[in-house]
Amino acid sequence: MENSTNETDNNEYYTQGEGPFGADDAQGGYQQSCSQANSGYTPYTGFDSDSFNTTEPTQEPPRRRRGSGVGTAIAIIIIAAIMLVLLASAIFISKRPALPSYPTMTLQPTITMTPDADATPTPVPTSRPYPLFDGVAPQIGDSGLEALPDIVAAVSPGVISVLNYGPMTTVGQYTRENLQGTGSGFIVSSEGYVLTNAHVIDGASYVKVQLYNSIEYEAEVIGSDISMDVAVLRIEAEGLTVLKLGSSSEARVGEFVLAIGDPTGTALAGTPTFGIIGALNRSVNIDGRTNNYIQTDAAINPGNSGGPLINMRGEVIGVTSAKTVTASYDENGNAISAEGLGFALPIDDVLSVVVQLVTEGNVQRPGIGLTSIYLDEATAQQYQRPSGILIVSVLADAPACNAGIRADDILVECNGIKLTGNDMFGEIVRSFKIGDSMPVKYWRNGEYLTTNIIIGDLNQMGDTIYNNETGGDWLE
């Protein structure tokens, strides 16, 4: 976590061992209307021949003959038959099973309920469309070093300050914000997406971004990947300056680059520094996690974290990371600090993570939650211990801790393979899927033990060290 005045996270010898769809029930049913036709009977009247004459006869009402009820009986039978039919239909309808109902598809996030009726439902992370990276490279009139002012002027409005706020403090009638730390970031989409480092927003109750013109916006945290140290934010704003994303795979050693950010906080916001690319794909440990970096001598300080590394075409080729860096270890396992060197995550690697964070909501990273160093054969013999992976620290409630692994244990085998290096160990861990069981053999106080570690997700683990225990203190 970066502090707005000073970032003093010192990592002495850490290497990560990782390393129904929404069912609105459409009630099925039907309606049936039955119209009943009236039926009746009119008896035959005819006429009487005896009364035939040339004068108009007087009409009398027709008379029913006694004893002649055949027509009436037929009418009664017809009516009774109709009533029986209606009664049978009513019974059939009442006993007919209800039509099945079918779930309807919805575009809203679904909620998965647990078997426990009292359990709180867990919402599924909201997915978003593929982000639109629509930055345009600046028009540069000059070439070579003369182009630097044009590049800085064109790119700087797209570089922002990231403000990490803790819980608000209320004293009497007054409430104030607590700024915990600051970092840098840059705009990658006109849709409002912003990239920064995950450690810049770590522990934040809420996050704001400040544009080059000092206008602040509250930012939505889309997601973060602590393993690669990448976070995606989003703001609701128009007229944003979007930076053009280049390709880190096309970068060359010796190429000129610019870093722009807030080296000591917002007081020096938008400061550009200049240098060259010293190396590509440099494997470096930062905060206990190893990634490949672009190495540069452009000055990168606390506060620059999350800002862009820009080539001479005005394109972003990396995301700067300014944390305490351990470049390597000496023969005694002591950390060697990398003073005066800057490191940036290659933009090609970052984008694959960004797309997952936006479209899927998270990135799963197999890991077990520990830091370690490799104890080689010579050092192991000197201290009368076996060679292997010396555990420096274990995260509380992480898979390694839950399996009984503790600081100062030495892992000698993993999945039946003898361990001969930290990188090898990390590769084995990453070869497993989250939820898999990984057998390990380890040494503790002269005894060999075995256990199974259930692989977890690094992004779901905290940063609290179990009992504040650290190993390797006996190394001289």
Side-chain angles (χ1 to χ4, degrees), residues 1 8-19 226-227 285-290 323-326 328-337 365-415 417-430 432 437-458 460-476:
M1 163 49 48
T8 59
D9 293 341
N10 294 318
N11 178 53
E12 296 186 353
Y13 32 56
Y14 290 7
T15 297
Q16 177 62 30
E18 321 176 307
I226 62 174
S227 182
N285 178 282
I286 297 179
D287 267 8
R289 295 177 176 87
T290 301
K323 297 285 286 185
T324 301
V325 175
T326 299
S328 61
Y329 303 92
D330 61 21
E331 62 276 8
N332 295 320
N334 297 316
I336 299 175
S337 180
R365 299 281 189 180
I368 59 177
L370 55 78
T371 56
S372 62
I373 60 174
Y374 176 62
L375 201 62
D376 60 27
E377 294 283 354
T379 306
Q381 289 180 7
Q382 179 183 352
Y383 292 97
Q384 298 181 348
R385 286 170 167 81
S387 65
I389 305 301
L390 172 63
I391 306 303
V392 176
S393 65
V394 178
L395 296 179
D397 296 325
C401 182
N402 295 337
I405 301 297
R406 297 292 181 263
D408 262 339
D409 289 345
I410 299 175
L411 305 185
V412 294
E413 288 184 8
C414 180
N415 200 30
I417 303 172
K418 179 177 174 60
L419 297 173
T420 58
N422 252 326
D423 291 343
M424 172 192 184
F425 178 48
E427 290 175 2
I428 294 175
V429 173
R430 289 188 291 269
F432 284 85
S437 177
M438 182 181 73
V440 296
K441 180 180 179 180
Y442 62 100
W443 180 93
R444 176 187 294 171
N445 298 328
E447 183 180 4
Y448 286 96
L449 305 169
T450 60
T451 188
N452 290 308
I453 303 177
I454 306 300
I455 303 296
D457 183 358
L458 280 174
Q460 301 301 318
M461 300 177 199
D463 55 7
T464 302
I465 297 176
Y466 176 77
N467 281 351
N468 289 322
E469 295 175 357
T470 57
D473 297 337
W474 40 271
L475 288 170
E476 296 179 359

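Atom set for the values below is all heavy atoms of this structure, side chains included, hydrogens, waters and symmetry mates excluded.
Judged as a side-chain contact (heavy atoms from CB on, under 4.5 Å), and not counting sequence neighbours, the contacts of Ala380 are Leu375, Ser387. Asp408 meets the side-chain contact (heavy atoms from CB on, under 4.5 Å) test with Leu390, Trp474; sequence neighbours excluded. Scored by the side-chain contact (heavy atoms from CB on, under 4.5 Å) test, Gln460 finds Asp457 as partners (sequence neighbours excluded). Pro386 is linked by a side-chain contact (heavy atoms from CB on, under 4.5 Å) to Ile410, Val412, Trp443, Tyr448, counting only residues two or more places apart in sequence or in another chain.
For the atom pair CZ (Arg365) and CE (Met461), the distance works out to 12.5 Å, reported to the nearest 0.5 Å. From Ile428, atom CD1 reaches atom CG of Asn415 across 7.0 Å, with rounding to the nearest 0.5 Å. To the nearest 0.5 angstrom, Arg444 atom CZ is 10.5 Å from Ile391 atom CD1. Between the CD1 atom in Ile465 and the CD atom in Glu469 there is a gap of 10.0 Å [rounded to 0.5 Å]. Taken from OH in Tyr442 to CG in Leu419, the straight-line distance is 14.5 Å, to the nearest 0.5 Å. With values rounded to the nearest 0.5 angstrom, Asp397 atom CG is found 6.0 Å from Asn402 atom CG.
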Query - CA sep, side-chain torsions, deciding dist, call: Leu395, Leu370, side chain to side chain contact (heavy atoms under 4.5 Å, CB included) - result: CA-CA 6 Å; Leu395 296 179; Leu370 55 78; over 6 Å; no
Query - Step-by-step side chain to side chain contact (heavy atoms under 4.5 Å, CB included) determination, Leu449 to Lys441 - result: CA-CA 6 Å; Leu449 305 169; Lys441 180 180 179 180; over 6 Å; no
Requested in this report: With side chain to side chain contact (heavy atoms under 4.5 Å, CB included) as the test, would you mind laying out the steps for Thr379 and Leu475 before giving the verdict?
Outcome: CA-CA 9 Å; Thr379 306; Leu475 288 170; 3.9 Å; yes
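No donor-acceptor pair closer than 3.5 Å links the side chain of Arg430 to the backbone N or O of Gly367.
Between Pro399 and Gly456, the shortest heavy-atom distance links the atoms CG-N, 3.7 Å.
Residues Glu413 and Pro439 are not in side-chain contact: their nearest non-hydrogen atoms beyond the backbone lie 4.5 Å or more apart. For the pair Ser372 and Asn422, the minimum side-chain heavy-atom distance is below 4.5 Å. No side-chain heavy atom of Phe425 sits less than 4.5 Å from a side-chain heavy atom of Thr420. Contact check for Leu411 versus Ile405: side-chain heavy atoms found under the 4.5 Å cut-off.
Legend: salt bridge (charged side-chain N to carboxylate O under 4.0 Å, His left out) pairs involving residues 381-396, not counting sequence neighbours: none detected.
In the model, Thr470 has no side-chain atom that pairs as donor or acceptor with a side-chain atom of Ser393 under 3.5 Å.
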